[in-house]
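Beneath this line is the structure, given in structure tokens, with notes to follow.
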Number of protein chains: 2
Amino acid sequence: MMNSCSQLNIDKLSKALKVLSEPNRLNILCSMGLECTQVSAIIEDTGLSQTNVSFHLRVMREAGLVKGERRGAFIYYCLYDTTLLALLEEMNQWLDTSFQKAAGSES
Amino acid sequence: MMNSCSQLNIDKLSKALKVLSEPNRLNILCSMGLECTQVSAIIEDTGLSQTNVSFHLRVMREAGLVKGERRGAFIYYCLYDTTLLALLEEMNQWLDTSFQKAAGSES
DNA sequence: TGCAAATATGTGTGACTACGCATATACTAA
DNA sequence: TTAGTATATGCGTAGTCACACATATTTGCA
């Protein structure tokens, strides 16, 4: 039962990873970037439907990854902690460098 | 279309995150740790069924996260790149520290 | 007021996924 | 060769998920 990464909170970690594993959600996060962005801008930027963007925003909001605040008629969404972008970039970097094997090919 | 993390390979990244978002798979990765481990040891360590472990190992193998090599009657599985554990621990650390909001509660 | 814009939500559905069961394959030993 | 152990694979299934459609809610403005 004791192993090299037993300090990992598997449940919490897997839930966060699941939320982040949806390509449209990643695109939405990228669209927001470091600044707070109104939903209509995200819709335009990603090309997704309004319903779909709203759905994904809710998932990420309930996961605590993003927050939305109303400013007049608009709601501005932004990352709860922008460190997330750095983590994603780090993971992306890792996939690009020390990760030569393409999916689907194994020994 | 141009945003702050446009260098991200969304497709590749989301695929890897999806594979990692399964709690049993994370447990299996933890069970392997830095060393190559035979499947039966993973089964015993995680308490999962043989079929299930084999299933998850295949998913991770085809994703290029782990590799398996036969040694006699046994097949030893290990991380393709152990940096993955560091990345997971980093993400875990981030969730523990700068991440006070519990899932399910939002404004 | 009432209308229009911005965003969220309920419902249904097709696709995917994790899992168990049964079985097949690969290897070792007698 | 036969039996037994280790691991993989085909198949069926229940549960989950992303999405569209329709509709509701909130806000600003005439």
Side-chain angles (χ1 to χ4, degrees), chain A residues 10-11 13-32 36-78 103-107, chain B residues 10-11 13-32 36-78 103-107:
Chain A
I10 300 285
D11 197 61
L13 184 55
S14 65
K15 281 191 172 69
L17 290 170
K18 174 158 291 183
V19 172
L20 292 171
S21 71
E22 222 289 326
N24 290 330
R25 284 199 276 270
L26 289 177
N27 274 320
I28 290 173
L29 288 177
C30 283
S31 176
M32 294 192 300
C36 292
T37 316
Q38 52 191 24
V39 181
S40 51
I42 297 174
I43 293 171
E44 191 178 357
D45 198 37
T46 59
L48 299 173
S49 74
Q50 183 265 320
T51 301
N52 205 10
V53 168
S54 206
F55 165 72
H56 286 305
L57 283 175
R58 170 150 77 152
V59 173
M60 292 193 283
R61 195 190 342 132
E62 290 180 347
L65 296 178
V66 305
K67 60 184 170 188
E69 56 179 58
R70 177 146 236 145
R71 298 186 200 167
F74 303 92
I75 298 181
Y76 283 75
Y77 275 90
C78 42
S105 67
E106 94 275 13
S107 55
Chain B
I10 300 284
D11 197 60
L13 184 55
S14 66
K15 281 192 172 70
L17 290 171
K18 173 158 292 183
V19 172
L20 292 171
S21 70
E22 223 289 325
N24 289 330
R25 284 199 278 269
L26 288 178
N27 275 318
I28 290 174
L29 288 177
C30 282
S31 175
M32 294 192 299
C36 293
T37 314
Q38 51 190 24
V39 181
S40 50
I42 297 174
I43 293 171
E44 191 178 356
D45 198 37
T46 59
L48 298 173
S49 74
Q50 183 266 320
T51 303
N52 205 10
V53 168
S54 205
F55 165 71
H56 287 303
L57 283 175
R58 169 149 77 153
V59 172
M60 292 194 283
R61 193 187 346 130
E62 291 179 347
L65 296 178
V66 305
K67 59 184 171 188
E69 56 180 56
R70 177 148 236 144
R71 298 185 201 165
F74 303 90
I75 299 182
Y76 283 75
Y77 274 91
C78 42
S105 67
E106 94 274 11
S107 56

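By convention in this document, chain letters (A, B, ...) are assigned in the order of the sequence lines, proteins followed by strands, and residues within each chain are numbered from 1.
With salt bridges taken as basic N to acidic carboxylate O contacts below 4.0 Å, one links A:R71 and A:E69.
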Any protein N or O atoms within reach of nucleotides 16-21 of chain D? Criterion: under 3.5 Å, listing atom names and distances.
residue : atom : partner : partner atom : Å
D:dA18  : OP1  : A:R25   : NH2          : 2.7
D:dC19  : OP1  : A:N24   : ND2          : 2.6
D:dC19  : OP2  : A:N24   : ND2          : 3.2
D:dC19  : OP2  : A:N52   : OD1          : 3.0
D:dC19  : OP2  : A:N52   : ND2          : 3.0
D:dC19  : OP2  : A:H56   : NE2          : 2.4
D:dC19  : O5'  : A:N52   : ND2          : 3.0
D:dA20  : OP2  : A:S49   : OG           : 2.8
D:dC21  : N4   : A:T51   : OG1          : 3.4

For nucleotides 4-7 of chain D, list the nitrogen or oxygen atoms of the protein found under 3.5 Å from its nitrogen or oxygen atoms, one pair per line.
residue : atom : partner : partner atom : Å
D:dT7   : OP1  : B:V39   : N            : 3.3
D:dT7   : OP1  : B:I75   : N            : 3.2
D:dT7   : OP2  : B:S40   : N            : 2.8
D:dT7   : OP2  : B:S40   : OG           : 3.4

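Among residues two or more places apart in sequence or in another chain, the salt bridge (charged side-chain N to carboxylate O under 4.0 Å, His left out) test is passed with A:E44 by none. Shown here are the side chain to side chain donor-acceptor pair (under 3.5 Å) partners of B:N24, two or more places apart in sequence or in another chain: there are none. Every residue meeting the side-chain contact (heavy atoms from CB on, under 4.5 Å) condition with B:S14, not counting sequence neighbours, appears here in chain and number order: A:P23, A:L26.
Atom CG in A:L57 sits about 6 Å away from atom P in C:dA8, given to the nearest Å.
In this structure a side-chain-to-backbone donor-acceptor pair under 3.5 Å is present from B:T46 to B:I42. Although no hydrogens or angles enter the test, the distance criterion places a donor-acceptor pair under 3.5 Å between the side chain of A:R25 and the main chain of A:V19. A donor-acceptor pair under 3.5 Å links the side-chain atoms of B:S21 to the main chain of B:K18, judged by distance alone.
Note that the two end axes of the helix from C:dT1-D:dA30 to C:dA30-D:dT1 enclose an angle of 10°, each drawn from 5 base pairs, rounded to 10 degrees.
With no hydrogens or angles considered, no side-chain donor-acceptor pair links B:Y76 and B:R70 at under 3.5 Å.
Rounding to the nearest 0.5 Å places CG of A:L29 at 7.0 Å from CG of A:L65.
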Between B:Y77 and B:T37, is a side-chain contact (heavy atoms from CB on, under 4.5 Å) present by the stated rule, with each step listed? CA-CA 5 Å; B:Y77 274 91; B:T37 314; 5.9 Å; no
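Not one side-chain nitrogen or oxygen of B:R58 sits closer than 4.0 Å to the OP1 or OP2 atom of D:dA8.
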